[in-house]
Amino acid sequence: MQAKKRYLILFSTGACLILLFCLGGIQVPLSRRGPGRPHDRRLSGYGPGARWRHLSGYLQPFSSWEQDRSDDLTEHISPRQKRDANSGLYTGKRCRMESCFDFSLCERNGFKVYVYPQQKGEKLSESYQNILSSIEGSRFYTSDPGQACLFVLSLDTLDRDQLSPQYVHNLKAKIQNLPLWNGGKNHIIFNLYSGTWPDYTEDLGFDIGLAMLAKASISTENFRPDFDVSIPLFSKDHPRTGGEKGYLKYNTIPPYRKYMLVFKGKRYLTGIGSDTRNALYHIHNSEDVVLLTTCKHGKDWQKHKDARCDKDNAEYDKYDYREMLYNSTFCLVPRGRRLGSFRFLEALQAACVPVMLSNGWELPFSEIIDWNRAAVIGDERLLLQIPSTVRSIHQDKILSLRQQTQLLWEAYFNSVEKIVLTTLEIIQDRVLLHTSRSNLMWNSLPGGLFTLPQYSTSLRDFPFYYAKLGIKPPSKFTAIIHVVTPLVSQSQPVMKSSWFLWNCEKPLPAKHRWPATSVPVTVIEGESKVISSRFLPYNTIPTDAVFSLDEDTVLSTTEVDFAFTVWQSFPDRIVGYPARSHFWDSNKERWGYTSKWTNDYSMVLTGAAIYHKYYHYLYTTYLPASLKIMVDQMSNCEDILMNFLVSLVTKLPPIKVTQKKQYKETMMGQSSRASRWADPDHFAQRQTCMNKFANWFGTMPLIHSQMRLDPVLFKDQVSILRKKYRDIERL
């Protein structure tokens with residue numbers, strides 16, 4: 001009887017539990033996070049889809065409290081409400097290149113960019129005008145919309161803060177009325193500031209539709225990978241072209257500076273962006289960690305001042321910001337009202353390794369730049385760990401990070417032009433995926449802007465990567481003799497060589513008049529008969545090394561051999577004999593050109609020089625038509641322009657080899673006129689060229705050098721038989 005009662009009680013209890021479960025009275029807890037749940041991309045500082053997605057940096061973030069809170073807040077929101085909230089900024093939230101970009105527009109004429117003509121009465125900010133000017137001066141620009149692959153608005157979209165005087169009203173209607181808008185397809189919109197007080201959202205105030213966004217301070221949540229481009233926040237004073245060099249003049253070992261970590265900037269007492277900066281005082285020690293903030297900004301700052309304001313303001317005024325910046329190993333870059341900050345570019349230029357504290361910021365050009373090699377990626381919630389973290393970084397790593405900041409600053413960030421061109425090159429790589437750059441090209445010298453994949457996608461075809469690939473430069477060269485005067489007799493210097501570019505108005509001589517040689521002879525007849533044709537990327541040049549010679553150059557085979565041997569050690573530079581120099585004329589306030597023999601030089605003329613043939617392609621493709629037309633009209637300065645280009649790319653001077661007693665520019669024996677070198681107008685033109693070129697480049701890229709390379713045992717008091725290049729001493 002007792003057993004029956006026990007069984008009855010158990011049966012009743014089980015039935016009740018089953019009934020309660022079916023009615024929802026008991027809920028089985030489900031794990032919100034499983035082992036396969038992806039890491040929250042808003043904290044990583046990198047967007048999905050980028051080549052460099054993993055940016056754990058030195059501080060490992062824990063699970064996102066933002067996501068936990070978001071899950072709790074949206075637990076009872078319908079799927080439609082969630083979808084509407086996520087797509088509130090613009091309708092093309094899910095856009096990717098394959099879904100919102102018309103590739104067929106790029107197939108006809110390649111990657112060309114059209115800028116809308118400026119509308120009457122529309123004002124442009126200086127920064128936006130610089131952006132448009134950079135595009136119009138680039139090789140991508142076309143004035144014909146029918147040839148365009150990408151379109152850029154002439155309406156200023158940079159500042160979309162409604163409280164800003166630069167804010168453009170009624171932008172939505174103005175854009176919708178554009179005849180080529182097409183819902184934004186194949187358009188790119190540039191923006192530096194969005195949203196306003198107090199939330200500073202990323203809403204631009206109009207629907208960008210299917211347009212790409214090149215935006216500063218963009219969050220990983222709103223960033224559309226492989227479609228948008230994250231650009232840096234830059235000031236209105238940022239130079240349009242040229243740009244200042246980085247401040248790392250030399251490497252110090254160990255690489256530590258006066259301060260370990262510094263910051264100086266505003267402290268926001270309330271509102272978005274205030275939490276991190278308000279907490280900086282916890283790790284400030286006034287010794288090697290100097291983190292200064294001030295409340296003294298805005299009209300009504302005194303109304304909101306707290307107990308620390310007066311002390312912070314007093315200490316803030318004691319330190320000079322530039323002095324701190326240039327004398328610190330690491331620079332803290334916390335978020336401001338928006339995710340981006342001017343401190344980011346300032347730290348890069350100063351070779352002060354940025355320590356990023358801006359959770360959810362899609363770092364500039366994240367698609368192509370490996371920021372783990374140039375910055376420390378921190379987490380705002382782990383602020384107290386920052387000092388110990390940066391102290392633990394080995395000095396070899398610090399030196400590597402510092403050097404990389406300089407590479408990135410000078411390659412992509414030191415001017416508006418480079419920021420714009422990098423943006424366009426990224427998009428071009430997406431469009432022409434089969435000829436896109438490798439990660440090594442983007443993240444090593446000389447940078448992606450000077451390694452054009454249309455030339456080759458193989459690293460071994462460029463002069464910059466021999467050492468990285470562990471290969472030696474080629475053992476052969478092609479000599480190109482530029483001929484501009486008629487062939488009269490075989491006694492002319494040109495007849496003692498074997499490779500010719502015939503750029504003379506007279507027809508080619510008969511074959512029997514050319515000398516017999518032991519190497520193949522190729523004669524290329526210039527079609528346009530202009531002086532720039534000597535630098536055309538001829539397919540008939542079989543070697544990477546090019547020995548460029550003028551027709552009146554007199555060099556022995558020993559001199560040629562020695563110059564080529566030197567070039568094999570410096571394949572990215574111009575190596576040769578005739579040297580020239582530049583100087584700043586303070587009286588005339590312009591650049592000067594001199595051929596006087598001095599203790600330094602900055603150019604090696606291409607009348608007797610060897611270099612990599614890639615520079616032919618770069619000269620033809622990278623330089624604007626206006627400079628080449630000027631050179632061709634004067635029949636002068638092409639060698640100066642080539643030196644400008646190579647020094648701009650390498651950031652290094654050319655290399656002069658053993659100096660002869662006199663570099664001969666011989667008189668043309670059968671000509672009634674003297675060599676152009678003796679023409680005073682020729683020299684005056686070269687002075688003009690120096691300043692025209694410097695103006696276009698926005699800087700003076702030429703670098704002085706006092707180094708000359710001679711053969712080992714040159715002029716040494718040993719037997720002449722022991723010397724390999726013994727003939728050079730006799731010249």
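Below, all heavy atoms of this structure are taken into account, side chains as well, without hydrogens, waters or symmetry copies. Counting from 1, the numbers follow the sequence of the chain as shown.
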Value rounded to 0.5 Å, distance of [atom1] in [X] from [atom2] in [Y]:
| X | Y | atom1 | atom2 | answer |
| --- | --- | --- | --- | --- |
| I427 | D226 | CD1 | CG | 11.5 Å |
| Y601 | H582 | OH | NE2 | 13.5 Å |
| E362 | S217 | CD | OG | 12.0 Å |
| S602 | D600 | OG | CG | 7.5 Å |
| Y617 | Y455 | OH | OH | 9.5 Å |
| C637 | D632 | SG | CG | 11.0 Å |

If you look only at pairs with a residue in residues 694-704, which of them pass as a side-chain hydrogen bond (donor to acceptor under 3.5 Å, both in side chains), with sequence neighbours excluded?
S581-H704

Under 6.0 Å from the [atom1] atom of [X], do we count more than 12 heavy atoms belonging to anything else shown?
| X | atom1 | value |
| --- | --- | --- |
| E589 | CD | no |
| R460 | CZ | no |
| K588 | NZ | no |

What are the two closest non-hydrogen atoms of [X] and [Y], and how far apart are they?
| X | Y | result |
| --- | --- | --- |
| A411 | P446 | CB-O, 4.3 Å |
| S127 | L158 | CB-CD1, 3.6 Å |
| R437 | G448 | NE-O, 2.7 Å |
| S532 | Y619 | OG-OH, 3.3 Å |

Looking at D639 and R686, is there a salt bridge between them, counting it only when a charged N and a carboxylate O are closer than 4.0 Å?
yes

Taking K628 first and then E638, would you say they form a salt bridge - that is, a charged N and a carboxylate O separated by under 4.0 Å?
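Looking at K628 and E638, the cut-off is not met.
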
Among residues at least two apart in sequence or on other chains, which ones pass salt bridge (Lys or Arg N to Asp or Glu O under 4.0 Å) with R402?
none

With sequence neighbours left out, write down each residue that passes salt bridge (Lys or Arg N to Asp or Glu O under 4.0 Å) with R240, or none if nothing qualifies.
none

Between [X] (side chain) and [Y] (backbone), is there a donor-acceptor pair under 3.5 Å?
| X | Y | value |
| --- | --- | --- |
| N414 | E244 | yes |
| Q406 | L348 | yes |
| K112 | N109 | no |
| Y412 | L421 | no |
| T423 | I419 | yes |
| S99 | R96 | yes |
| N691 | Q687 | yes |
| S647 | F644 | no |
| S133 | Q129 | yes |
| S438 | L459 | no |

Angle between ring planes, Y615 versus F464, binned at 30° and 60°: parallel, tilted or perpendicular?
perpendicular

Parallel, tilted or perpendicular: rings of F101 and F103 (30°, 60°):
perpendicular

Does the ring centre of [Y] sit less than 6.0 Å away from the ring centre of [X]?
| X | Y | result |
| --- | --- | --- |
| Y611 | H616 | yes |
| F583 | Y593 | no |
| F413 | H238 | no |

For a side-chain contact (heavy atoms from CB on, under 4.5 Å) check, start with the C-alpha distance between W181 and I175, then their side-chain angles and the critical distance, and finish with the verdict.
CA-CA 7 Å; W181 176 242; I175 290 177; 3.5 Å; yes

With heavy-atom distances below 4.5 Å as the criterion, would you say the side chains of I188 and V152 are in contact?
yes

Heavy-atom check, side chain of L408 versus side chain of Q404, under 4.5 Å
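With C-beta onward as the side chain, the pair touches.
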
Checking side-chain polar atoms at under 3.5 Å, does [X] have a donor or acceptor matched by the opposite partner on [Y]?
| X | Y | answer |
| --- | --- | --- |
| K215 | S194 | yes |
| T157 | N191 | no |
| H682 | N636 | yes |
| D429 | S436 | no |

Could you go step by step and tell me if W409 and K245 meet the side-chain contact (heavy atoms from CB on, under 4.5 Å) rule?
CA-CA 8 Å; W409 164 257; K245 295 181 179 180; 5.7 Å; no

My understanding is that only residues two or more places apart in sequence, or in another chain, count here; which of them pass side chain to side chain donor-acceptor pair (under 3.5 Å) with [X]?
| X | value |
| --- | --- |
| D102 | S104 |
| S230 | none |
| R139 | E425 |
| N130 | none |

After noting the C-alpha distance and the side-chain angles of L178 and Q119, does the key distance pass the side-chain contact (heavy atoms from CB on, under 4.5 Å) rule?
CA-CA 11 Å; L178 295 174; Q119 299 181 13; 3.3 Å; yes

How would you list all residue pairs meeting salt bridge (charged side-chain N to carboxylate O under 4.0 Å, His left out) that involve residues 407-421, not counting sequence neighbours?
none

Which salt bridge (charged side-chain N to carboxylate O under 4.0 Å, His left out) pairs, counting each pair once, include a residue from residues 158-185, with sequence neighbours left out?
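Counting only pairs at least two positions apart or across chains, the salt bridge (charged side-chain N to carboxylate O under 4.0 Å, His left out) contacts touching residues 158-185 are E122-K174, D161-R338.
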
With sequence neighbours excluded, what pairs up with [X] under the ring pair (Phe, Tyr, Trp, His ring centres under 6.0 Å) test?
| X | value |
| --- | --- |
| F344 | W361, W371 |
| Y128 | none |
| F450 | Y622 |

Does the side-chain contact (heavy atoms from CB on, under 4.5 Å) test come out yes or no for V229 and M212, once each step is laid out?
CA-CA 8 Å; V229 179; M212 288 179 283; over 6 Å; no

Verify ring-ring contact (aromatic ring centres under 6.0 Å, His included) between Y116 and H187, making sure each step is shown before the conclusion.
CA-CA 11 Å; Y116 283 82; H187 284 66; 5.7 Å; yes

Test D550 against R534 for salt bridge (Lys or Arg N to Asp or Glu O under 4.0 Å), laying out the working first.
CA-CA 10 Å; D550 285 342; R534 71 182 303 172; 2.9 Å; yes

